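Chain A is the first sequence line, chain B the second, and so forth, proteins listed ahead of strands; every chain is numbered from 1. Keep in mind that this is a model prediction, so the values were computed, not measured.
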2 protein chains.
Amino acid sequence: MAQDYVSAIWKAEEWSDEHAAAGDIAARLGVATSTVSGNLKKLVADGLVEHERYGAVTLTSDGRAAAVQMVRRHRLLESYLVERLGYGWDEVHDEAEHLEHAASETFIDRIDQELGFPERDPHGDLIPRRDGRVSTSDAVNLADLAVGTGGTIARISDEDPALLRYLGTHGIVLDTRVSVRDRVEVAGVLVLGRESGETGRPLETELGVLAARAIWVTPDD
Amino acid sequence: MAQDYVSAIWKAEEWSDEHAAAGDIAARLGVATSTVSGNLKKLVADGLVEHERYGAVTLTSDGRAAAVQMVRRHRLLESYLVERLGYGWDEVHDEAEHLEHAASETFIDRIDQELGFPERDPHGDLIPRRDGRVSTSDAVNLADLAVGTGGTIARISDEDPALLRYLGTHGIVLDTRVSVRDRVEVAGVLVLGRESGETGRPLETELGVLAARAIWVTPDD
DNA sequence: TGACAATGTTCGGGTATCCGAACATTGCTC
DNA sequence: GAGCAATGTTCGGATACCCGAACATTGTCA
């Protein structure tokens with residue numbers, strides 16, 4: 001249980017500046033907020049989180065370390081499933097979610113080695129190292145990119161398989177170069193220019209803002 | 001929980017003619033017999049086992065089907081760990097025990113395919129097919145073999161890693177040809193003749209009866 | 001600033017699993 | 001076949017989750 005909570009908190013913080021709220025955690029874990037409230041007490045008692053009443057939930061260094069290990073497990077498992085067992089990038093999240101609790105330290109180390117110590121998972125998320133170090137990314141959310149600027153897709157959130165499939169069929173995959181040609185606020189739509197790796201000619205794609213929120217890009221220099 | 005119970009019952013029956021007793025199940029699962037007694041009620045209610053008071057525990061056909069699927073998972077996982085992740089045959093049991101609860105049907109099917117639909121696991125145990133069919137083996141326990149007869153090692157119980165290591169260092173591995181040269185009852189020892197696959201000259205090995213009980217051989221014709 | 005919406009906590013209660021101790025049954029031995 | 005050891009069951013109680021409803025707090029907006 002503790003592991004689910006700390007990694008939910010960690011993920012809530014990873015791409016946001018705000019502290020995790022109890023409600024976020026509840027939503028991520030699919031439980032009632034009253035359940036979260038109760039369980040946070042245990043986590044505080046175990047020294048994994050700090051929690052001010054009606055306020056912010058933050059990880060202690062122990063909590064952070066535990067979370068990072070779970071994230072490492074998750075991302076290595078996702079990578080392995082894609083690389084070695086023929087899974088699609090839209091199929092791996094749930095499977096990894098289950099396996100990450102059952103796999104031993106040894107298992108995780110073996111698949112890490114087997115994959116050649118990868119740095120990114122199939123969705124572009126950075127894989128923490130065994131010692132807990134995590135690289136930082138300067139990627140920004142596609143929805144926040146100014147019109148006229150562009151970048152390379154560095155990460156696509158893995159949480160909605162249907163969205164991943166949708167993006168895949170529209171040619172939005174990791175490492176695609178995109179630029180924001182226009183933003184139609186009333187329609188909630190971005191107009192993207194997109195270059196596939198090989199061909200030179202950029203294609204035009206319309207993308208809903210909801211989809212854009214799941215995409216992070218490394219801005220052009 | 002149900003899965004642990006049905007597969008414990010199935011395993012208890014696999015190499016024995018007697019019905020599983022509540023105590024056996026408790027020992028296999030590492031819980032108190034009172035716990036087993038209580039949980040058997042639920043399994044009966046769920047239609048997975050039949051249980052006569054103070055008496056035999058037997059699987060229903062549903063229970064048997066569920067058990068066979070768990071055994072299949074376990075043995076495929078063991079095989080995969082050895083074949084693809086460099087585990088030793090003495091290291092796989094506990095890992096597989098955990099993973100078998102977390103892996104999806106898809107995962108199991110993929111590793112099955114990846115391994116080319118193997119028939120035996122690293123300890124010689126037969127792997128049930130996807131549809132639930134299980135081949136039968138005519139192997140007999142080494143401890144029951146008559147002096148002067150011999151056979152080929154078909155199975156070594158995977159439950160004690162230390163014993164597996166011990167046997168490995170003494171050249172007792174799957175498919176070794178052995179013969180019983182003598183049985184010293186008072187010492188609880190078998191004297192074995194052993195032929196490694198390559199060289200012709202048989203070696204002599206003494207083996208405790210406890211070790212012999214973990215070994216099954218296919219008798220010579 | 002007062003009232004309401006959003007959010008978080010507490011409380012009572014439900015389920016599943018575990019255990020040990022007391023009790024029941026079985027079966028072996030003399 | 002009486003008695004005892006081995007085995008199995010029942011019972012009361014602990015823990016760890018989960019929930020919804022009632023209550024508390026915070027923050028927002030007129």
- Task: Using salt bridge (charged side-chain N to carboxylate O under 4.0 Å, His left out) as the criterion, list what pairs up with E14(B), not counting sequence neighbours.
- Result: R75(B)
- Which residues pass the salt bridge (charged side-chain N to carboxylate O under 4.0 Å, His left out) test with D112(B), sequence neighbours left out? R72(B)
- Contacts of D131(A) that satisfy salt bridge (charged side-chain N to carboxylate O under 4.0 Å, His left out) - sequence neighbours left out: R133(A)
- Scan for salt bridge (charged side-chain N to carboxylate O under 4.0 Å, His left out) pairs involving residues 90-100 of chain A, sequence neighbours excluded, and state none if there are none. D90(A)-R165(A)
- Task: Under the salt bridge (charged side-chain N to carboxylate O under 4.0 Å, His left out) rule, collect the residues that match up with E105(B), sequence neighbours excluded.
- Result: R73(B)
- Note on the structure: In the 5' to 3' direction, the nucleotides of DNA chain C bounding the stretch that comes under 4.0 Å of a heavy atom in chain A are dG8(C) to dT10(C)
- Message: I need the full list of ring-ring contact (aromatic ring centres under 6.0 Å, His included) pairs touching residues 35-86 of chain A, with sequence neighbours left out, sorted by first then second residue.
- Response: H74(A)-H93(A)
- Of residues 2-16 of chain B, the positions that come close to DNA chain C - non-hydrogen atoms, cut-off under 4.0 Å: Y5(B)
- Does R155(B) have any side-chain hydrogen bond (donor to acceptor under 3.5 Å, both in side chains) partners at least two apart in sequence or in another chain, and if so, which? D125(B)
- Note on the structure: Applied to residues 14-44 of chain A, the ring-ring contact (aromatic ring centres under 6.0 Å, His included) test, sequence neighbours excluded, yields W15(A)-W216(A)
- Query: What integer distance in Å separates D24(B):CG from dA6(D):P?
  - Reply: 16 Å
- Does E119(B) pair with R129(B) as a salt bridge, N-O distance under 4.0 Å? yes
- Message: Below 4.0 angstrom, which residues in residues 33-48 of chain B have at least one non-hydrogen atom near DNA chain D?
- Response: T33(B), S34(B), S37(B), K41(B)
- Message: Test: side chain to side chain donor-acceptor pair (under 3.5 Å). Region: residues 34-48 of chain B. Which pairs qualify, not counting sequence neighbours?
- Response: Y5(B)-N39(B)
- Message: Return whichever of R53(A) or V31(A) has its heavy-atom-nearest nucleotide of DNA chain D closer to the 5' end.
- Response: V31(A)
